[in-house]
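On a predicted model such as this, the values are computed, not experimentally measured, just so you know. Sequence lines set the chain letters: A, B, ... in the order given, protein chains first and strands last, and positions in each chain run from 1.
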Number of protein chains: 2
Amino acid sequence: MRNSDATKAKLLDAARDVIRTKGYAAATVDDICAEAGVSKGSFFHHFASKEQLGIGAIAAFNQMAATVFSTAPYAAEHDPRDRVLGYVDFRASLLAMAIPEFTCLLGTTVQEIYTTHPDLRIACDEGMSAHVAGLTRDLDAAKKIYAPDADWSPESIGYFMQSVLQGAFIFAKAKQSAAVAEDSLSHLRRYLEMLLPKT
Amino acid sequence: MRNSDATKAKLLDAARDVIRTKGYAAATVDDICAEAGVSKGSFFHHFASKEQLGIGAIAAFNQMAATVFSTAPYAAEHDPRDRVLGYVDFRASLLAMAIPEFTCLLGTTVQEIYTTHPDLRIACDEGMSAHVAGLTRDLDAAKKIYAPDADWSPESIGYFMQSVLQGAFIFAKAKQSAAVAEDSLSHLRRYLEMLLPKT
DNA sequence: AGTAACATACCAACCAGTCGGTATTCATGC
DNA sequence: GCATGAATACCGACTGGTTGGTATGTTACT
C-alpha cells in the first residue's frame, strides 16, 4: 500500500524524540503525530494504543543502540579491556550532542511508568539488561586476562556502568549541560582501569 | 485558622508520595488531594498551581533529606573518610524500604520536566547540587588527609556518587528490586576506598 | 473488487484551575 | 464575656480545554 513501513518508522522516531524531551506521560499522541507529520487516524491504524507505540519505540531504540555500539570503532579492538574502556570513551564522545539526543529512552520512560504500565516496564528492563549483557561479555573476557582472581562479577560492573550513565543523564538534564556527565564518565573510566590493571 | 500548616504538610507529603510512584505528569491534582484527604478547593487555596506544589514538595524533600543525613549516625564520625563511606553504607541501608520510599523525588521529576517546566527544573538542580555540596565538604576534608596530591576534585566525586545513586534508582524501578542498586553501591564504595587509601 | 493506508470529525473521560459559598478563627469594641 | 466583622481555611460543583481512542469515511494499490 502507500508506505506502511515508512510511516511506522516516522512514528517510532517521533515517539523516541518527543518522549526523550517531554517524558512519556506528557508526550501526547497528537504531539507525536505532529512531529511525525502523520494523521491520528494513521497512528491508530499502525498502533493499537499509546502504550503499544511506547513498546515499539523501545524495541526500535534497542535495535538502533545495538547497531551503533556494535559498529563503533572501539568494538573492533582485540583486547576486551580496550573495548570496555573504549565503550566509556565512546559514550563520552556522544555527550557532545544535544541532551535529548544522547539521553536514554528506556531510562527516561521506566522512571515514570514503573508502577502504572507493567508491559512498558518489562520492555525497559529487558532492553537495558540486554545492553548490559553485551558489556558483560567484554568485562568477563577482560577480567579473565587482567583480574582473574578479583571478587567482583562482570555483570555487576555492567550494571554499575549503566547506572553511572543513567545518573549522569539526570544531572545533564538538571544542569542543562553535559559537563557533570563527562566528569562522571572520567571517574567510571578510572575505576575500570583500577579493576583491570594493565600490568 | 483551622490548621493551615497541617493541611499544607499533608499535601506536600502526598505530592512527594504520588509523584515518586507515578511521576510528575501522571500525578493529577485530584490524585494528590485524595492521597492527602483534602478537597480540591483547599488545594488551590494553599498552592497557586500544580507546578507551585511541585516546587514546594521539592523544598520539603530537601529539608527532610538535610535533617535525615545530618542526624544519621555516620555524620558524627570524626574521620571525614568514615563519613564519606558511612554515607554510602547508610544509603545502602535505605534500600531495604519500598522503592517509592528510597527513590529521589528530584531525580524523578527533573527527568520529565527539564524542557517544559523551567522553574521546577531549577528547583531540582539547586536541591541536588546542595546535597552534593554537603558530600563535597566531607570529600574535601578526606582528600586533604588521604589523597592530598590526587588529581580529582572532591566536587566531581560528589556528583559521581549522586549519579551512581540516581542510576541505581532507575534500575531498581526497572527490575522492581533493589538488588542491582546494592551492587552498584558496593562498587561505589570500593572506588572511594581506592581514592582514599587508608595507609 | 477488495483491502491496506490514510484522513477527518467526533466522543466520553479527564485535566488543571475557578467560583460561590460555608465554617472557623481572631481582633476589636463594648 | 460577648457581639461583630474581617480574614482565613475549607468545600464541592462547575468549566473550558485536552486526552486517548473511535467512527466513518476516502484514497491508492493489487
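A heavy-atom distance below 4.0 Å to DNA chain D is reached by none of the residues of residues 21-34 of chain B.
Counting to the nearest Å, the P atom of dA16(C) and the CD atom of Gln52(B) are 15 Å from each other. Summarising the geometry, the separation between CG on Asp5(A) and P on dC6(C) is reported as 10 Å, rounded to the nearest angstrom. Rounded to a whole Å, the CG atom of Leu11(A) is 13 Å from the P atom of dA5(C). Rounded to an integer number of Å, the gap from Lys50(A) NZ to dC14(C) P is 15 Å. The distance from atom NE2 of His45(B) to atom P of dA7(D) is 14 Å, rounded to the nearest whole Å. Whole-Å rounding puts the Lys40(A) NZ to dA5(C) P distance at 20 Å. Rounded to whole Å, the distance from CZ on Phe43(B) to P on dA13(D) is 19 Å.
Taking the six-membered ring where tryptophan is involved, the planes of Phe90(A) and Tyr74(A) are tilted, since the angle between them lies from 30° to 60°. The aromatic rings of Tyr191(A) and Phe160(A) sit perpendicular to each other, their planes meeting at more than 60°, with 30° as the lower class boundary.
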Practice item. Kindly determine whether Ile99(A) and Tyr114(B) satisfy side-chain contact (heavy atoms from CB on, under 4.5 Å), including the steps that lead there. Key: CA-CA 10 Å; Ile99(A) 293 175; Tyr114(B) 76 108; 3.6 Å; yes
Exercise for review: Tell me, with the steps shown, if Asp140(B) and Lys144(B) meet side-chain contact (heavy atoms from CB on, under 4.5 Å).
Suggested key: CA-CA 6 Å; Asp140(B) 192 49; Lys144(B) 284 198 170 67; 2.9 Å; yes
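With no hydrogens or angles considered, a side-chain donor-acceptor pair links Ser153(B) and Ser156(B) at under 3.5 Å.
Taking every side-chain heavy atom of His46(B) into account, dA9(D) is the closest of dT22(D), dA9(D), dA7(C). Considering only the side chain of Thr7(B), dA9(D) comes nearest among dA9(D), dC6(C), dG21(D). Nearest to the side chain of Phe44(B), among dG20(D), dA16(C), dC6(C), sits dA16(C).
Remark: Asp31(B) engages Lys22(B) in a salt bridge (charged side-chain N to carboxylate O under 4.0 Å, His left out) (not counting sequence neighbours).
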